[in-house]
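The figures that follow rest on heavy atoms only: side chains count, while hydrogens, waters and symmetry mates do not.
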Amino acid sequence: MKLTKTTVDKMQFTGKDAFYWDEELKGFGLKITRTGKTYIVQARVDNKTIRKKIASVGQLTPDEARKEAKKLLGEMAKGIDINLKEKRAKVQNITLQQAYAVYKDTRPLGIRTITDYDGAMKTTFKEWQNKPIISINREMIERKFKAKSKTAPALANLHFRFLRALLNFAMEKYTVDGKPLIPSNPCARLTILKLWNRIERRDTYIKPAQIKSFFYGLTINDYDKPQIQTAKKQCMFILFTGCRDQEAACLQRRDIDFEDKTVTFKHTKNHHKHVLPLGDWLFQFTKELCEGLAPDAYLFPANNKSGHIKDHRKAIKEIAEECGINFSLHDLRRTFSCIVDHHLGQSFSPYTIKRLLNHTQNDVTAGYIRFGVDDLRRPMQMIEDYILEQAGLKEKPKADNIIAFPNAQ
């Protein structure tokens, strides 16, 4: 039959999928299923049957669909697989933002990493978000990297290492005829031409003689804003556990075991759950943090989308001024590490130190050494005692010796 508006409107679903072919244009047809009617085109290309949807009935008239079918059939007559052609075009138009969305969904990225990557997309690569990946070339990479390096060399390194990882992912995720979307990563130019910025590794930490001033800065001023109070509590917690800032920030009430006196860090950099025992002083301090909290409540809450403390730079700067010590949250992790290694290192094996810091054990011997949480109780208590001694709290922690923090409103 000839497919006209009248004939198409009369046709109904009869219980199973059906095909009706136009007598005027060979290869042009109508497919009817339970979900609706669709104009289709079909022909053989390289001894294979190629079928493609043109449009749903209602989107085009029969005459409009027949006109589109003629064009598609003409391409197939030339040996073109129109489905493969469409797939190629779709892949070649994948944008940087689209690839990043898939990258985030398929990679086990930490909260801090996602924050850094989102920041890179919104700032350094804002103009490239909607560009097809195949249009981002080596010259563009070099120009933008040099421009970013003039004002923020460390950030330029961070952002372009992220871009390199994203493009490596896209090369394998998206293929055209079995070949990578892009033949090579354009970020390779930064390595080949040795353009990466040389950044001195930060090695600052709070020295033992400064710990007393640090404690004092965390406990003065009962009229701090709630976000400052929360940041101070987080500082104290990081100093006594050596965790990373976002590992602490993501802690919830359910992550504290008051019977076993342990804390479980679930959002770690190496994606390995990290369980540490709580020393006597820190245990009491943590009990105060958790008082009245629901199981899913954060220990260090904030009025933002995540629900926990996140952008802390202004708060830390204000706290540093009160302490008279310039520090970052990662300096507190370094302080914990230095206490463990420099001052108490003779008491601990290298494997114990790595376990305390949740560093990956990558040598053969380490694979045979197993640590239970109880194996870390004595080391954690020794570290705590050392910090309290430097802070001028030499007695073993009791309830009336614990530094009290004002409750956040």
Side-chain angles (χ1 to χ4, degrees), residues 91-104 106-176 178-205 244-246 268-271 313 326-331 333-334 337-338 341 354 357-363:
V91 170
Q92 289 173 341
N93 286 321
I94 292 291
T95 66
L96 193 66
Q97 181 60 45
Q98 289 171 331
Y100 177 50
V102 177
Y103 183 77
K104 282 202 297 185
T106 57
R107 292 296 176 95
L109 303 176
I111 293 176
R112 180 59 181 271
T113 301
I114 291 175
T115 299
D116 289 340
Y117 289 179
D118 284 350
M121 289 296 292
K122 292 176 183 177
T123 55
T124 304
F125 307 121
K126 181 179 180 179
E127 298 173 353
W128 292 358
Q129 287 190 40
N130 296 318
K131 283 183 176 294
I133 288 176
I134 60 174
S135 71
I136 301 173
N137 58 46
R138 283 161 167 71
E139 289 75 18
M140 293 166 62
I141 296 283
E142 182 177 348
R143 284 196 302 270
K144 189 171 282 291
F145 179 79
K146 287 181 175 178
K148 188 70 175 181
S149 296
K150 289 179 180 178
T151 56
L155 204 57
N157 282 0
L158 175 66
H159 286 182
F160 279 83
R161 285 194 177 106
F162 150 63
L163 181 64
R164 179 175 62 186
L166 177 57
L167 293 180
N168 278 336
F169 168 80
M171 284 172 63
E172 297 303 323
K173 178 67 177 177
Y174 306 106
T175 59
V176 178
K179 298 178 182 179
L181 177 61
I182 49 179
S184 63
N185 195 322
C187 289
R189 169 169 287 202
L190 303 180
T191 300
I192 295 170
L193 299 183
K194 298 183 178 180
L195 298 177
W196 294 104
N197 299 302
R198 293 180 63 86
I199 307 297
E200 293 294 328
R201 182 176 179 134
R202 185 182 173 110
D203 60 0
T204 53
Y205 66 98
R244 296 176 176 86
D245 62 336
Q246 287 304 299
T268 61
K269 185 176 181 179
N270 60 14
H271 309 294
R313 285 171 292 183
N326 186 24
F327 73 94
S328 70
L329 285 183
H330 204 70
D331 289 343
R333 176 170 166 81
R334 271 190 287 268
S337 304
C338 289
D341 184 69
K354 281 190 174 185
L357 293 168
N358 196 28
H359 283 163
T360 302
Q361 307 274 11
N362 52 15
D363 63 80

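Here Arg138 does not pair with Glu142 in a salt bridge; the nearest charged N to carboxylate O distance is not below 4.0 Å.
Remark: Asn93 CG is packed, more than 12 non-hydrogen atoms of other residues, nucleotides or ligands lying under 6.0 Å away. Other residues, nucleotides and ligands place no more than 12 heavy atoms under 6.0 Å from the CD atom of Glu127. Surrounding NZ of Lys104 are more than 12 heavy atoms belonging to other residues, nucleotides or ligands, all under 6.0 Å away.
If you take CG on Leu109 and CD1 on Ile114, they are separated by 5.0 Å, rounding to the nearest 0.5 Å. Leu329 contributes atom CG, which lies 11.0 Å from atom CZ of Arg334 (distance to the nearest 0.5 angstrom). Rounded to the nearest 0.5 angstrom, Asp118 CG and Thr113 OG1 are separated by 10.5 Å. With values rounded to the nearest 0.5 angstrom, Phe160 atom CZ is found 7.0 Å from Leu190 atom CG. Separation of atoms CZ (Arg107) and CG (Leu166) is listed at 9.5 Å; rounding is to 0.5 Å. How far NZ of Lys148 is from OG1 of Thr124: 3.5 Å, rounded to the nearest 0.5 Å.
Residue Asn157 comes nearest to Phe145 through the heavy atom pair OD1-CZ, 3.5 Å, listed as atom of the first residue, atom of the second, then distance. Scanning both residues, Thr175 and Met171, for their nearest heavy atoms gives CG2-O, 4.4 Å. Nearest heavy atoms, Ala99 versus Tyr174: CA-OH, 3.9 Å. Between Thr95 and Asn130, the shortest heavy-atom contact is CG2-O, 3.5 Å.
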Apply side chain to side chain contact (heavy atoms under 4.5 Å, CB included) to Leu167 and Leu96, showing your working. CA-CA 9 Å; Leu167 293 180; Leu96 193 66; 4.3 Å; yes
Tell me, with the steps shown, if His159 and Lys144 meet side chain to side chain contact (heavy atoms under 4.5 Å, CB included). CA-CA 11 Å; His159 286 182; Lys144 189 171 282 291; over 6 Å; no
Before giving the answer on side chain to side chain contact (heavy atoms under 4.5 Å, CB included), spell out for Leu357 and Arg333 the whole-Å C-alpha distance, their side-chain angles and the decisive distance to 0.1 Å. CA-CA 9 Å; Leu357 293 168; Arg333 176 170 166 81; 4.0 Å; yes
For side chain to side chain contact (heavy atoms under 4.5 Å, CB included), just list the numbers for Asp245 and His330, CA-CA rounded to whole Å, side-chain angles, deciding distance to a tenth of an Å, and then say yes or no. CA-CA 7 Å; Asp245 62 336; His330 204 70; 5.9 Å; no
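Relative orientation of the Tyr117 and Tyr103 rings is tilted, given thresholds of 30° and 60° on the angle between their planes. Ring geometry for Phe162 against Tyr100 counts as perpendicular: the plane angle is over 60°, on a 0 to 90° scale with 30° as the lower cut.
Checked by atom type and distance alone, the side chain of Asp331 pairs as donor or acceptor with a backbone atom of Ser328 at under 3.5 Å. Looking at Arg244, its side chain never comes within 3.5 Å of a backbone N or O of Thr268 through a donor-acceptor pair. Proximity of a side-chain donor or acceptor of Asn197 to a complementary backbone N or O of Ile199 within less than 3.5 Å is not detected. Side-chain atoms of Asn185 come within 3.5 Å of backbone atoms of Arg164 as a donor-acceptor pair (strictly under, hydrogens ignored).
Side-chain contact between Ile141 and Cys187: present, with at least one pair of heavy atoms (C-beta onward) separated by less than 4.5 Å. A heavy-atom distance below 4.5 Å is found between the side chains of Arg189 and Glu139. Within the 4.5 Å cutoff, no side-chain heavy atoms of Val102 are placed close to those of Ile94.
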